[in-house]
2 protein chains.
Amino acid sequence: MATIRDVAKHAGVSVATVSRVINETGYVHEDTRKKVETAIKELHYTPNEVARSLYKRKSRLIGLLLPDIANPFFPELARGVEDEMQENDFRIIFGNSDEKSSKEQEYIQTFVQNNVVGMIASTNDPDTHAYRKLNIPVVFLDRTMDNRPSVYSDGYEGGRLAAQEIAARGSRNIAVIQGPERVRPAMDRFRGAAETLKDLDIAFQVIQSSSFGIAEAGVWAKEVFRKVPDTDGVIASNDIVAAAVLHEALRLGKKVPEDVQIIGFDDIPLSSLLTPPLTTIRQPAYEMGRAAARLLIQLIEKEALDNHTIQMPVTFTERDTTRKAEKND
Amino acid sequence: MATIRDVAKHAGVSVATVSRVINETGYVHEDTRKKVETAIKELHYTPNEVARSLYKRKSRLIGLLLPDIANPFFPELARGVEDEMQENDFRIIFGNSDEKSSKEQEYIQTFVQNNVVGMIASTNDPDTHAYRKLNIPVVFLDRTMDNRPSVYSDGYEGGRLAAQEIAARGSRNIAVIQGPERVRPAMDRFRGAAETLKDLDIAFQVIQSSSFGIAEAGVWAKEVFRKVPDTDGVIASNDIVAAAVLHEALRLGKKVPEDVQIIGFDDIPLSSLLTPPLTTIRQPAYEMGRAAARLLIQLIEKEALDNHTIQMPVTFTERDTTRKAEKND
DNA sequence: CCTCATTGTGGAACCGGTTACACATTTAAA
DNA sequence: TTTAAATGTGTAACCGGTTCCACAATGAGG
């Protein structure tokens, strides 16, 4: 690998001049620049980012920390982040936390050790010391904490919507699956749904699910029909669980949506490929990723910013696991 | 952030000694070591990986290049790579290539600029100059090229299995969906299936699909039943397309597997949640990721290695989009 | 008691960039 | 024509580690 000194020698100039050409800073005579540029081409020179990063004390790397890329909600987020970052010449160091704070700490540390300029994290505890003490900007994604830069969607509103729509379509004995307690958006959704159903005076029962994973989804699904065998409407904690519920319902010979309606959360890509296609509360995951990346870039480049928290809309995405609403208007 | 010089001063020793303590190299007196260790603790010192990487000309970073993390097959791979790397204290710089060689080049370049010690890539053209000229080890994942370190599964055998099993279960008018031409494993699968059906003397028709994406999957599915309306068996190019075919078949009022059998490829996590659950040719994606990471680590740490290419088994995973085979044994 | 290997430590060069500063030359203004 | 500003370039320090080498002290063997 050629170094800047090789280029300097080859072009008959000093390293400072080469640096000026590369970075387009300071004065460089047109002729000199040409010489340097040909030298760069001839030697196939590309600057060593590590050396650059050492002196500047900042790199073009950002850290991305997600709970689990294998959970279908996150790849979309990650892709959004990656696309936006890629377009702005930032690269991503990526890690899975499994929602474990030990792994989280470990990654945060190595991010810092690698001079990342910023970080995007989907964590349950944005308020922890580990984040507070960082002197690089951090954007919280999907999970949020007031007053910290974040991009998320309104879980409470999502829960409210789900409850309202499933009720409007006639379910009167609803099973609400509550996601993991430590996961903020899951709790918000649950609260939104539960409070709305209470307000509407509609009976519902709660099924606890302690994870979002595909592996256990089937368990929660069975649990639903064990605890509430005659349910006519299920609000699942996310689309994976909803898919499992749908699967279990059909297996039990129930008709969907005639006997039982099902609403999920997230709108993961495969939801529309289910049979029947899943009605869900959509979060614009890809756009959230992009927005988080944009926000982080702004924080990196400028200092202050008026709006640090971006709430993305959730939308009721009607497909075929719910009945058609009676139109009253 | 404290530096090694701060620690040295605080402990009353030289930076060389601190470095020896950190790296457990050379001679350090027990008492001195204690002093240094307390200084490190008191200052919350962690070594700057960038400085380290600059001098050593290698980091603890590896590059991971995948076509598209949003395609459900890849998160599992990525997770396998990440887990193995994480356990061995390597971090991952991650990029999506979208199968575009321009993006690929760009990432390879920045990986090198960041002193990565190795690279895992899922690319259509492992033989390209861009990879050949690298002086860091590269492991090719999912896609392969003879004689280059790689981890992949036997697409041809997968195709053969799919054809054999769907035939054994009675399909006689088969539609084979052919994946993108430039994607090696897709072509292998297709060849395996086509040649086997030919050998068995079973009629089949080919449907071209030029992508693996979720967005277009529905199009290929419709195409299948437009071109071969009376098909009684579909071998899809992957599980996403298979899911779309299943969806379309049910939409058209066909019974699965009674009227039409469907076999996918990959066994992505959601395949088992479909209704009916999808019969598929399984690739152990997570394990492939881990194996690739292990192989790369070996290449990084040792020099030579007897077995550079690892072929993972594909398995016929029988679920309910195929009929039960008549047992003859 | 002398010699030499082992142990212990520090100084300084080095990795490959960036940039402050000094200095020279050209251009423009007075 | 003089002077100041603008332009152009090189030297060397610096970023924060690692490691080579020199040197001192200690311990073992003869």
Side-chain angles (χ1 to χ4, degrees), chain A residues 1-37 39-40 43-61 89 109-117 135-136, chain B residues 1-37 39-40 43-61 89 109-117 135-136:
Chain A
M1 222 37 345
T3 74
I4 197 171
R5 279 163 238 270
D6 298 332
V7 175
K9 199 164 295 172
H10 197 268
V13 299
S14 73
V15 293
T17 300
V18 178
S19 180
R20 283 187 204 106
V21 172
I22 300 169
N23 299 293
E24 305 184 48
T25 54
Y27 295 113
V28 177
H29 191 91
E30 185 59 25
D31 299 353
T32 321
R33 183 152 57 74
K34 289 252 168 65
K35 273 195 298 181
V36 172
E37 277 164 358
I40 288 176
L43 299 177
H44 297 108
Y45 169 74
T46 51
N48 181 325
E49 275 298 328
V50 176
R52 208 173 245 180
S53 162
L54 177 59
Y55 183 84
K56 305 243 238 168
R57 286 135 133 184
K58 51 167 84 172
S59 63
R60 298 293 290 180
L61 296 172
D89 293 323
Q109 199 193 39
T110 56
F111 287 167
V112 170
Q113 288 181 308
N114 283 284
N115 278 5
V116 300
V117 269
N135 44 14
I136 51 168
Chain B
M1 224 32 348
T3 74
I4 198 170
R5 280 163 239 270
D6 298 332
V7 175
K9 199 164 294 172
H10 197 268
V13 299
S14 74
V15 295
T17 301
V18 178
S19 180
R20 284 186 205 106
V21 172
I22 301 170
N23 298 295
E24 306 182 48
T25 55
Y27 295 113
V28 178
H29 191 90
E30 184 59 26
D31 299 353
T32 321
R33 182 154 56 76
K34 291 252 168 63
K35 273 194 299 182
V36 172
E37 276 164 357
I40 288 176
L43 299 178
H44 298 107
Y45 169 74
T46 52
N48 181 325
E49 276 298 328
V50 176
R52 209 173 243 180
S53 163
L54 177 59
Y55 183 84
K56 305 243 240 170
R57 288 137 133 179
K58 51 166 82 171
S59 64
R60 298 293 290 181
L61 295 171
D89 294 323
Q109 199 193 40
T110 56
F111 287 168
V112 171
Q113 287 181 309
N114 283 285
N115 278 4
V116 300
V117 268
N135 44 13
I136 51 168

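Naming: A, B, ... by sequence-line order, numbering from 1 per chain.
- A 4.5 Å side-chain heavy-atom check between A:Val21 and A:Glu37 finds at least one atom pair inside the cut-off.
- The distance from atom CZ of B:Arg20 to atom C1' of D:dC20 is 10 Å, rounded to the nearest whole Å.
- A salt bridge links B:Glu30 with B:Arg33; the closest basic N to acidic carboxylate O contact falls under 4.0 Å.
- Atom CD of A:Glu24 is separated from atom P of D:dG8 by 15 Å (rounded to the nearest Å).
- Counting all heavy atoms, side chain and backbone alike, B:Pro47 lies closest to B:Arg52 at CG-NH2, 3.4 Å.
- Reading DNA chain C from its 5' end, the first and the last nucleotide to sit under 4.0 Å from a heavy atom of chain B are C:dT7 to C:dG16.
- Sequence order on DNA chain D of the closest nucleotides to A:Glu30 and B:Lys56 puts A:Glu30 first from the 5' end.
- Distance alone, capped at 3.5 Å, is enough to place a donor-acceptor pair between the A:Asp6 side chain and the A:Thr3 backbone.
- With A:Ser59 contributing its side chain and A:Ser53 its backbone, the two residues share no donor-acceptor pair below 3.5 Å.
- Within the structure, a side-chain polar atom (N or O) of A:Thr32 is placed less than 4.0 Å from OP1 or OP2 of D:dT9.
- At a cut-off of 3.5 Å, with distance as the only test, a side-chain donor of A:Ser19 or A:Asn23 sits close to an acceptor on the other residue.
- Closest heavy-atom contact between B:Val28 and B:Thr32: CG1-CB, 4.0 Å.
- Of the side-chain N and O atoms in A:Tyr27, none sit less than 4.0 angstrom from OP1 or OP2 of D:dG8.
- Note: NE2 (B:His29) to C1' (D:dG27) measures 14 Å, nearest angstrom.
- Counting only heavy atoms from C-beta outward, the side chains of A:Ile22 and A:Tyr45 approach each other to under 4.5 Å.
- In terms of position along DNA chain D, the nucleotide closest to A:Arg33 lies nearer the 5' end than the nucleotide closest to the other residue of the pair A:Arg33 and B:Tyr55.
- Each of A:Asn23 and B:Ala51 was assigned the nucleotide of DNA chain C with the nearest heavy atom; the assignment lying further toward the 5' end belongs to B:Ala51.
- If you measure from atom CG of A:Leu54 to atom P of D:dC14, you get 14 Å, rounded to the nearest angstrom.
- Against DNA chain C, the stretch residues 12-19 of chain A makes heavy-atom approaches under 4.0 Å through A:Ala16, A:Ser19.
- For A:Asn48 (side chain) and A:Val50 (main-chain N/O), a donor-acceptor pair under 3.5 Å exists by modelled atom type.
- Distance, A:Arg5 CZ to D:dA13 P: 13 Å, rounded to whole Å.
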